[in-house]
Amino acid sequence: MPELPEVLMVVQGLTNNGIIGRRITQTTVTWPRSAGGSAEVFSSAVTGRTIQAVRRHGKYIFIDLDSAGNLDPGGTIAVHLRMSGRLYAAPADLPLTGYERVVLSLDDHRDVRFYDPRKFGRMVFYRDSSAITDRLGVDPLNDDFTPSVLAGLLGGRKRQIKALLLDQSVIAGLGNIYTDEALWRAGIHPLQRSNTLTAGKVDSLHRAIRSVLLQGISNGGTRLGGGKGNFIVPGTTSTPRNQNHLAVFGRLGEACPKCGNDIRRIVVAQRSTHLCPVCQVPAGEIQDLSATQ
DNA sequence: CGTCGAGCCTGAAGGC
DNA sequence: TGCCTTCAGGCTCGAC
């Protein structure tokens with residue numbers, strides 16, 4: 001689930017459910033690692049505080065908390081969903097599934113639940129969100145993500161373009177799905193070196209990144225591995241539909257929507273990568289295309 | 001500086 | 001049907 005559009009939906013869901021202004025009356029941690037290592041440290045840091053805002057940068061969600069006294073500076077809960085995490089508000093009497101790693105009980109008989117089967121995600125208290133955001137690159141939906149900024153990020157390095165787009169310290173929010181979709185839209189081969197893109201291609205890539213993200217949002221996010229037996233998240237209202245609108249990701253062997261050629265799969269930056277070998281023509285110096293199937 | 005492999009975890013899917 | 005293997009939307013650390 002979780003790349004930028006999906007994280008945005010989570011933030012909107014929590015905000016629309018009215019958790020802002022609610023006080024955390026109790027904290028339950030069933031997997032300490034999910035809460036940063038110590039259930040006690042996390043619980044004592046957040047219990048009693050009031051939620052002031054919910055926001056995000058890239059794939060990180062921040063639940064901002066008020067100060068707990070005159071000498072207390074407040075803080076924020078930084079949430080990263082990683083592979084399988086979900087974050088949502090639910091009635092306190094809704095039965096637990098057994099996969100809730102952290103539960104924040106609110107003062108209106110509801111919970112904020114951090115549900116995460118694979119335990120990769122994190123929900124950690126920080127005094128200041130800059131501890132996280134200092135290490136993150138530009139958010140691609142922010143106004144400061146311009147074509148010239150992108151050109152600067154790409155031109156200074158000679159990395160495989162896909163590896164660079166996945167690097168959260170460069171651009172924060174793109175994951176495997178939206179990266180593949182953006183590169184396809186821009187007609188760029190995932191292995192092309194970042195500093196070999198023409199100005200026109202950089203502009204195309206900028207537009208493609210924005211448009212795949214906006215499309216994902218307007219389609220309610222992307223869900224893969226859906227189908228029977230898929231777990232239902234309590235409290236979820238919107239249905240992700242963007243998986244039905246992907247051009248290349250997960251479509252090995254299907255026809256490219258532009259040219260009709262077979263979609264292929266290669267491995268880039270140790271990640272499964274889907275592309276159209278006709279529309280995404282290799283340009284410049286590309287290493288090792290032998291992995292192409 | 002850039003790439004690679006391992007590790008963190010569990011459930012689903014595919015092969016036999 | 002059941003067992004075993006492989007794979008997965010992410011990120012970090014250490015090695016080369």
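The sequence lines fix the lettering, A, B, ..., with proteins before strands; numbering per chain opens at 1.
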Just distance, no hydrogens or angles: give the donor-acceptor pairs under 3.5 Å from side chains in residues 202-214 of chain A, sequence neighbours left out.
| unit_1 | atom_1 | unit_2 | atom_2 | d |
| --- | --- | --- | --- | --- |
| Ser204(A) | OG | Gly200(A) | O | 3.0 |
| His206(A) | NE2 | Phe145(A) | O | 2.9 |
| Arg210(A) | NH1 | Pro140(A) | O | 3.3 |
| Arg210(A) | NH1 | Phe145(A) | O | 3.1 |
| Ser211(A) | OG | Arg185(A) | NH1 | 2.8 |
| Ser211(A) | OG | Arg207(A) | O | 3.2 |
| Ser211(A) | OG | Ala208(A) | O | 3.1 |

> Looking at the side chain of Tyr99(A), which of dT10(B), dC11(C), dA8(C) is the nearest nucleotide?
Replying inline: dT10(B)
> Could you state the interatomic distance from CD (Glu254(A)) to CG (Asn261(A)), rounded to the nearest 0.5 Å?
Replying inline: 13.5 Å
> When you compare dC4(C) with dC9(B), how far apart are their P atoms, in angstrom units rounded to a whole number?
Replying inline: 23 Å
> For the pair made of CG in Asn176(A) and P in dC7(C), what is the distance, rounded to whole Å?
Replying inline: 15 Å
Side-chain donor-acceptor pairs under 3.5 Å in residues 117-124 of chain A, sequence neighbours left out?
| unit_1 | atom_1 | unit_2 | atom_2 | d |
| --- | --- | --- | --- | --- |
| Arg122(A) | NE | Arg33(A) | O | 3.4 |
| Arg122(A) | NH1 | Lys119(A) | O | 3.2 |
| Arg122(A) | NH1 | Phe120(A) | O | 3.4 |

>> The criterion is side chain to side chain donor-acceptor pair (under 3.5 Å); which residues satisfy it with Ser148(A), sequence neighbours excluded?
In response: Thr146(A)
Strictly under 3.5 Å: I want the nitrogen or oxygen pairs between protein and nucleotides 13-16 of chain C, one per line.
none

> Over how many whole Å does the gap from Glu100(A) atom CD to dT10(B) atom P extend?
Replying inline: 15 Å
>> Going by ring pair (Phe, Tyr, Trp, His ring centres under 6.0 Å), name the pairs with one or both residues in residues 25-71 of chain A, residues two or more places apart or in two chains.
In response: Tyr60(A)-His80(A)
> Roughly how many Å is it from NE2 in His80(A) to P in dT12(C), rounded to a whole number?
Replying inline: 7 Å
Tabulate protein N/O versus nucleotide N/O from nucleotides 5-8 of chain B, keeping only pairs under 3.5 Å, one per line.
| unit_1 | atom_1 | unit_2 | atom_2 | d |
| --- | --- | --- | --- | --- |
| dG5(B) | N7 | Gln270(A) | OE1 | 3.3 |
| dG5(B) | N7 | Gln270(A) | NE2 | 2.6 |

>> Distance check needed: dA8(C) P versus Asp180(A) CG, whole Å only.
In response: 12 Å
> Just how far, in rounded Å, is P of dT3(B) from CD1 of Ile266(A)?
Replying inline: 13 Å
>> Quick test of your reading of the model: are Asp167(A) and Arg159(A) salt-bridged, counting only N-O distances below 4.0 Å?
In response: yes
> Should Arg127(A) and Asp72(A) count as an ion pair when the cut-off is N to O under 4.0 Å?
Replying inline: yes
> Roughly how many Å is it from CG in Asp167(A) to C1' in dC1(B), rounded to a whole number?
Replying inline: 12 Å
> Starting at CG of Leu246(A) and ending at C1' of dA8(C), how long is that distance when rounded to a whole Å?
Replying inline: 15 Å
> Tell me, which pairs form a ring pair (Phe, Tyr, Trp, His ring centres under 6.0 Å) where one or both residues lie in residues 251-283 of chain A, sequence neighbours left out?
Replying inline: Phe249(A)-His274(A)
>> With a 4.0 Å cutoff (strictly under), does any side-chain N or O of Arg223(A) reach OP1 or OP2 of dA8(C)?
In response: no
> Stem ranges for DNA chain B, with three or more consecutive Watson-Crick or G-U pairs under 3.5 Å?
Replying inline: B:2-8 with C:10-16, B:10-16 with C:2-8
>> Ser44(A): which residues meet the side chain to side chain donor-acceptor pair (under 3.5 Å) condition with it, sequence neighbours left out?
In response: none
>> Without decimals, in angstroms, what is the distance between Leu165(A) CG and dG2(B) P?
In response: 14 Å
> Are OP1 or OP2 of dT3(B) and a side-chain N or O of Arg159(A) less than 4.0 angstrom apart?
Replying inline: yes
> Partners of Thr198(A) by side chain to side chain donor-acceptor pair (under 3.5 Å), sequence neighbours excluded?
Replying inline: none
> Hydrophobic clusters join Ile, Leu, Val, Met, Phe, Trp and Tyr when side-chain heavy atoms are under 4.5 Å apart, directly or via other members; which others share one with Trp184(A)?
Replying inline: Val248(A), Ile263(A)
>> Please enumerate all residues that pass side chain to side chain donor-acceptor pair (under 3.5 Å) together with Asn142(A), with sequence neighbours excluded.
In response: none
